[in-house]
There are 2 protein chains.
Amino acid sequence: MLSKKTQYAFHALIHLAENADKGPILISEIAQEKSISIKFLENILLELKNAGILGSKKGKGGGYYLLKTPKEIPLAKIIRLLDGAIALLPCVSLNYYEKCENCRDEAVCGLNDVMGKVRDATLKILETKTLKDILTRNVSIL
Amino acid sequence: MLSKKTQYAFHALIHLAENADKGPILISEIAQEKSISIKFLENILLELKNAGILGSKKGKGGGYYLLKTPKEIPLAKIIRLLDGAIALLPCVSLNYYEKCENCRDEAVCGLNDVMGKVRDATLKILETKTLKDILTRNVSIL
DNA sequence: ATAAACTCTATAAAAAAGATAGGCTTTTTT
DNA sequence: AAAAAAGCCTATCTTTTTTATAGAGTTTAT
């Protein structure tokens, strides 16, 4: 299951994409629109900013905005940023790999093999599908 | 990520399958062999028993054993039993479905759509691959 | 200057995961 | 019949993770 953090991030990004023509969007606006605690959302948007996905502007008229077009933001990137590994086991994770404790040889491990296949099938979708694919409205900046 | 509980369950089931010819296997043997806390493992094996996957025998000469052949035990079944939903979002879970809070119409929700595809791709593997597929040794009772 | 709005770090509360404890029941052996 | 072996069951505890909050700091527009 994706954490609330990741789910909120998706909703916030959707809102930003769908209102990209309106200039910087207030945290408070997104929080209200998507029913997210404003302080919690603040942290999430900051992470997205630090990851180079969002830009921000301080002071009056400030807010957050996308730094890339929706189709340049793969869903896998968001999940990894906020939730960490996508794979079901540490030993098949591409970005958060950890060796199994009791496993002598991963090359001969049946679990490793199957979970690697699950990872591949999942990533095939999550790395090609982007923010653009989860928007409700059609946005012109595609 | 799969929980330790599910990972331990897989390891225990593998041990049981690979020693199916030796009659009931002690919890303590599995625990030692797989480096799992004996008391924690006890709970896990009990859940597997209550789910009809394992049988047990009390008293001297007792222990646990598979009630089905490895190829009759899909990996998805074990994961659902110990970890719950396999899907990434509650609103696309087949077995643990919950409606989204803010979602007006799932039929038009892009996230729902993509996560549904991820679920399908994952289940296609986890429901066809079985305990048999993660065994190291070849076991005759296939 | 002042107010608006994001920034940063710390902390707290709640939930989940992981682990342990101990008495109970069943079965086998003596 | 008693004792020992082994699983059964339920409760509790500890640790970690997740979720949420707080508040002082910084930047920018007016």
Side-chain angles (χ1 to χ4, degrees), chain A residues 1-12 16 22-32 34-67 79 81-85 88-90 96 98 101, chain B residues 1-12 16 22-32 34-67 79 81-85 88-90 96 98 101:
Chain A
M1 283 281 175
L2 300 178
S3 67
K4 290 280 183 194
K5 225 169 165 176
T6 297
Q7 294 182 44
Y8 291 161
F10 281 135
H11 288 298
L16 288 171
K22 305 204 183 76
I25 306 291
L26 294 181
I27 300 175
S28 56
E29 175 184 324
I30 304 172
Q32 181 159 37
K34 302 292 187 177
S35 307
I36 306 172
S37 145
I38 186 169
K39 272 299 193 177
F40 195 31
L41 181 58
E42 215 177 271
N43 295 315
I44 295 167
L45 295 179
L46 201 50
E47 279 193 75
L48 290 167
K49 183 199 164 168
N50 292 334
I53 295 162
L54 297 182
S56 68
K57 192 164 177 293
K58 287 183 182 175
K60 181 158 190 183
Y64 279 97
Y65 47 88
L66 292 175
L67 279 182
I79 296 175
L81 181 65
L82 297 158
D83 264 5
L88 292 179
L89 291 178
Y96 299 85
E98 281 173 56
E101 291 135 21
Chain B
M1 283 282 173
L2 299 178
S3 67
K4 290 278 184 197
K5 225 168 167 179
T6 296
Q7 294 181 44
Y8 291 160
F10 281 135
H11 288 299
L16 288 173
K22 304 204 184 75
I25 307 291
L26 294 182
I27 300 177
S28 57
E29 176 185 323
I30 304 172
Q32 181 159 37
K34 303 292 186 177
S35 306
I36 306 171
S37 146
I38 185 169
K39 272 299 192 176
F40 195 29
L41 181 59
E42 212 178 275
N43 295 315
I44 295 167
L45 296 179
L46 202 50
E47 281 194 75
L48 290 167
K49 183 199 163 169
N50 292 334
I53 294 161
L54 297 182
S56 69
K57 190 165 176 296
K58 288 183 181 176
K60 183 159 192 183
Y64 279 96
Y65 48 89
L66 292 175
L67 279 183
I79 296 175
L81 181 64
L82 296 158
D83 263 5
L88 293 179
L89 291 179
Y96 298 85
E98 280 174 55
E101 292 134 22

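We use all heavy atoms of the structure for the numbers below, so side chains are in, but hydrogens, waters and symmetry mates are not. Here the structure is a predicted model, which means the values were calculated and not measured. Letters A, B, ... are given to chains in the order of the sequence lines, protein chains preceding strands, and every chain is numbered from 1.
- For B/Lys4, the side-chain contact (heavy atoms from CB on, under 4.5 Å) partners are A/Glu101, B/Tyr8, not counting sequence neighbours.
- Here the closest heavy-atom approach between residue A/Leu67 and residue A/Gly52 is recorded as CD1-O, 3.8 Å.
- The heavy-atom pair separating A/Gly62 from A/Leu26 by the smallest distance is O-CD2, 3.6 Å.
- Between the CG atom of A/Leu82 and the P atom of D/dT19 there is a distance of 11 Å, rounded to whole Å.
- Rounded to an integer number of Å, the gap from A/Lys4 NZ to C/dA14 C1' is 14 Å.
- Both B/Ile27 and A/Lys58 lie close to DNA chain D; mapped to their nearest nucleotides by heavy-atom distance, the more 5′-ward contact belongs to B/Ile27.
- At D/dA6, none of the side-chain N or O atoms of B/Ser28 fall inside 4.0 Å of OP1 or OP2 (strictly under the cut-off).
- Within 4.0 Å (heavy atoms only), A/Leu2 reaches no atom of the nucleic acid at all.
- An OP1 or OP2 oxygen of D/dA20 is reached within less than 4.0 angstrom by a side-chain nitrogen or oxygen of A/Tyr8.
- Side-chain contact between B/Leu88 and A/Met1 is absent, with no heavy atoms from C-beta onward closer than 4.5 Å.
- At a threshold of 4.0 angstrom between heavy atoms, the contacts of B/Ile38 with the nucleic acid are absent.
- Judged by distance alone, with hydrogens and angles left aside, the side-chain atoms of A/Asp83 form no donor-acceptor pair with the main-chain N or O of A/Leu2 at under 3.5 Å.
- If you take NE2 of A/His11 and P of D/dT19, they are 13 Å apart, rounded to a whole angstrom.
- Whole-Å rounding puts the B/Leu54 CG to D/dA6 P distance at 18 Å.
- Remark: B/Lys39, B/Phe40, B/Glu42, B/Asn43 in residues 39-48 of chain B come within less than 4.0 Å of DNA chain C through at least one heavy atom.
- Remark: C1' of D/dA29 and NZ of A/Lys57 are 7 Å apart, rounded to the nearest angstrom.
- One can place CD of A/Glu29 at 15 Å from C1' of C/dC6, the figure rounded to the nearest angstrom.
- A/Tyr64 places a side-chain heavy atom less than 4.5 Å from the side chain of A/Ile27.
- Between C/dC6 and A/Lys49, no contact under 4.0 Å exists linking OP1 or OP2 to a side-chain N or O.
- B/Phe40 has its side chain within reach of B/Lys5: a pair of non-hydrogen atoms, C-beta onward, lies under 4.5 Å apart.
- The two residues B/Leu82 and B/Ala9 have their closest heavy-atom pair at CD1-CB, 3.1 Å.
- The listed nucleotides are C/dG18, C/dA5, C/dC8; the one nearest the side chain of B/Ser3 is C/dG18.
- D/dT19 atom C1' lies 13 Å from atom CD1 of A/Ile36, rounded to whole Å.
- For the OP1/OP2 pair of D/dT27 and a distance below 4.0 Å, the side-chain nitrogens and oxygens of A/Lys60 include no atom meeting the criterion.
- Side-chain nitrogen and oxygen atoms of A/Ser56 include at least one within less than 4.0 Å of the OP1 or OP2 phosphate oxygen of C/dT7.
- As the counterpart of C/dT30, D/dA1 is assigned, both hydrogen-bonding distances of the Watson-Crick or G-U wobble pattern falling under 3.5 Å.
- For the pair A/Tyr65 OH and C/dA5 P, the interatomic distance rounds to 15 Å; values are reported in whole Å.
- For D/dT21, one of the phosphate oxygens OP1 or OP2 lies less than 4.0 angstrom from a side-chain nitrogen or oxygen of A/Ser37.
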